[in-house]
Protein chains: 2
Amino acid sequence: MGSEDLRRRRTNVRANVRAAPGPCAHWNDEDADFIREVLDLVGDKWSVLIIGTLADGPVRYSNLRDAIPGISQRMLTLTLKHLQRTGLVTRTSYPEVPPRVEYALTDLGRSLLSTVLALAAWSADHHAEIRRHQTEYDNATT
Amino acid sequence: MGSEDLRRRRTNVRANVRAAPGPCAHWNDEDADFIREVLDLVGDKWSVLIIGTLADGPVRYSNLRDAIPGISQRMLTLTLKHLQRTGLVTRTSYPEVPPRVEYALTDLGRSLLSTVLALAAWSADHHAEIRRHQTEYDNATT
DNA sequence: CCGGATCCAGAACGATACTG
DNA sequence: CAGTATCGTTCTGGATCCGG
C-alpha cells in the first residue's frame, strides 16, 4: 500500500493558531477542518454512489460491483475500507462456502445519507442553470 | 432496440443478471451524474472555503488570499474561475489604479451555501464519533 | 494589485493478473 | 466470491517566476 495507507491519508495539519482573520462567518477554522474531512471522504469519485446503493439495506460485494457501473474492484474495495474506517458502513463476512460478505450503512451513514440527499436535490434542481452558465462563460471567453 | 431489450430484461429473472440496475433507490443514473458534477465542483480543496468567505458580501482578491490560510495564488485564481464558470460567483473588476477586483456570491451560490451549511453542521455534529471510529478501526487492524 | 505560465512531486484512479 | 498486488496513466495542487 504505502502511499495510499488509509491512516496516513489525512496527515494532520494542525498547529494553526489563527494568525489570520476568520475565513468565514458561518464556521471557524476548526469547523473548516471538519467539513473538509467530510468533503475529502465524500467528495471522491465513488463514495456517494456506494452510500446511495446501500441505502435500502445490506448489499453483497459483487452486487455492489454490478450495481455501480464503471467501478473497478480496486476502487470498490478501497472506498469501502475508507467508509468502514470512518464508521459509515459495516462489513459482515459470513463463514460459508462460497464466501459471502455484506456491506451495510450504519446509523451514522444513514444520517449522512439524508444530508447528501439534500445535495443531490440541489444538483437536480440547478443543473440546468449550471449548464447554462457554463456554456455562456465558455462562449464569452472564446 | 427498445422492445427487444425490454423482453430480455423480463426474462432475466432466472439468471442472476441485473440487466440495467439503478444503482440507488434515491436517484437514477442521470441524477448520479449531476451529483457527481456538484461534488467535483465543491469537493475540491478550496471551493467551500471560498464560498464561505464570500458569504457576507463581496471580497477582494487579496482579502480572499489573506482570509484563507494556506491557499496559493494559483489555486485561488483557478478555483475562482471554476466557481465563476458554473455561475456560483461573479467577478467585478474596477478600472482603477491600482486595480481592484471583487468577487461575490450569486443567488445560485447562496442557495448552494445553505445546503453546504447543512453538511458543515453534520460534520461538526459527528466529527467526534468519526474520530472514535477511525482510531478504533486503526487499532483493530494493527 | 491581480493574476498568467511553467515545472514538478505526489496522489488518485484504472487495468490486469493472481489468490484463499 | 471476495478480494490483493503491481504497474502505468492521469490529474491535482504547490512553488516559482513573469507580465499588465
Side-chain angles (χ1 to χ4, degrees), chain A residues 1-13 36-37 39-50 53-54 58-85 89-104 141-142, chain B residues 15-18 36-37 39-50 53-54 58-85 89-104 141:
Chain A
M1 273 202 186
S3 64
E4 280 181 337
D5 191 18
L6 286 174
R7 76 172 45 92
R8 290 181 38 181
R9 272 197 55 160
R10 274 312 275 186
T11 49
N12 224 345
V13 203
R36 199 135 78 177
E37 274 179 61
L39 281 173
D40 278 358
L41 173 68
V42 117
D44 68 35
K45 205 172 176 184
W46 303 108
S47 290
V48 289
L49 272 297
I50 291 178
T53 309
L54 292 177
V59 181
R60 299 183 56 170
Y61 182 88
S62 35
N63 293 131
L64 276 173
R65 192 184 16 146
D66 297 341
I68 301 175
I71 197 170
S72 63
Q73 290 203 165
R74 174 183 140 83
M75 289 318 294
L76 179 56
T77 303
L78 223 57
T79 309
L80 282 170
K81 261 188 196 159
H82 201 177
L83 294 173
Q84 190 192 348
R85 182 172 113 93
V89 312
T90 56
R91 188 194 113 113
T92 317
S93 90
Y94 298 91
E96 303 171 354
V97 143
R100 179 165 62 101
V101 178
E102 281 184 353
Y103 292 88
T141 52
T142 46
Chain B
N16 201 356
V17 190
R18 304 210 293 162
R36 200 134 79 174
E37 273 180 59
L39 281 173
D40 278 357
L41 173 68
V42 117
D44 69 32
K45 205 172 175 185
W46 304 108
S47 291
V48 290
L49 271 305
I50 292 178
T53 309
L54 293 177
V59 180
R60 299 184 55 172
Y61 181 88
S62 32
N63 292 132
L64 277 174
R65 182 172 30 109
D66 297 342
I68 301 176
I71 196 170
S72 64
Q73 290 202 173
R74 171 183 145 85
M75 290 317 295
L76 180 54
T77 302
L78 224 59
T79 310
L80 283 170
K81 256 190 199 161
H82 200 180
L83 295 173
Q84 190 192 349
R85 184 172 113 93
V89 311
T90 57
R91 187 195 116 112
T92 316
S93 90
Y94 298 90
E96 301 170 356
V97 125
R100 178 166 62 103
V101 178
E102 282 186 353
Y103 292 89
T141 52

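Given the structure is predicted, the values throughout are model-derived calculations rather than measurements.
At least one donor-acceptor pair under 3.5 Å links the side chain of Arg36(B) to the backbone N or O of Lys45(A). Ser47(B) contributes a side-chain N or O that, together with a main-chain N or O of Leu41(B), makes up a donor-acceptor pair within less than 3.5 Å.
Per the geometry, CZ belonging to Arg65(B) stands 9 Å off C1' belonging to dC2(C), to the nearest Å. Whole-Å rounding puts the Gln84(B) CD to dC2(C) P distance at 15 Å. Atom CD1 in Ile68(A) sits about 14 Å away from atom P in dA2(D), given to the nearest Å. As rounded to whole Å, 14 Å separates atom P of dG3(D) from atom CG of Asp66(A). To the nearest angstrom, P of dC2(C) lies 18 Å from CG of Leu78(B). One can place OH of Tyr94(A) at 15 Å from C1' of dA2(D), the figure rounded to the nearest angstrom. The separation between Leu64(A) atom CG and dA2(D) atom P is 9 Å, rounded to whole Å. Atom CG in Leu76(B) sits roughly 18 Å away from atom P in dT12(D) (whole-Å rounding).
Residues forming a side chain to side chain contact (heavy atoms under 4.5 Å, CB included) with Thr77(A) (at least two apart in sequence, or on another chain): Tyr61(A). Residues forming a side chain to side chain contact (heavy atoms under 4.5 Å, CB included) with Arg91(A) (at least two apart in sequence, or on another chain): Gln84(A), Ser93(A), Val101(A), Tyr103(A). Partners of Gln73(A) under the side chain to side chain donor-acceptor pair (under 3.5 Å) rule, at least two apart in sequence or in another chain, are Arg65(A). Not counting sequence neighbours, the partners of Arg85(B) by the side chain to side chain contact (heavy atoms under 4.5 Å, CB included) test are Gln134(A), Tyr137(A), Asp138(A). A search for side chain to side chain contact (heavy atoms under 4.5 Å, CB included) contacts involving Pro58(B) returns Glu102(B), Ala104(B), not counting sequence neighbours.
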Are any protein N/O atoms closer than 3.5 Å to N/O atoms in nucleotides 14-17 of chain D? If there are, list each pair with its distance.
unit_1, atom_1, unit_2, atom_2, d
dG14(D), OP1, Lys45(B), NZ, 2.6
dG14(D), OP2, Trp46(B), NE1, 3.4
dG14(D), N7, Arg74(B), NE, 3.0
dG14(D), O6, Arg74(B), NE, 2.9

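For Arg60(A), a side-chain nitrogen or oxygen approaches OP1 or OP2 of dA2(D) to under 4.0 Å. A close approach under 4.0 Å does not occur between any side-chain nitrogen or oxygen of Ser93(B) and OP1 or OP2 of dC2(C). Taking 4.0 angstrom as the limit, Lys81(A) places none of its side-chain polar atoms (N or O) nearer than this to OP1 or OP2 of dA2(D). Between Ser62(A) and the phosphate of dA2(D), there is a side-chain N or O to OP1/OP2 separation shorter than 4.0 Å. Of the side-chain N and O atoms in Tyr103(B), one or more sit less than 4.0 angstrom from OP1 or OP2 of dG3(C).
Minimum atom distance to the side chain of Thr77(A) is reached by dT4(D), of the listed dC2(C), dT4(D), dA2(D).
End-to-end axis angle of the helix from dC1(C)-dG20(D) to dG20(C)-dC1(D), from C1' rotation axes over five pairs per end: 40° (rounded to 10 degrees).
Residue Val42(B) comes nearest to Val48(B) through the heavy atom pair O-CG1, 3.7 Å, listed as atom of the first residue, atom of the second, then distance. Of all heavy-atom pairs spanning Ile71(B) and Ile50(B), the tightest one is CD1-CD1, 4.5 Å.
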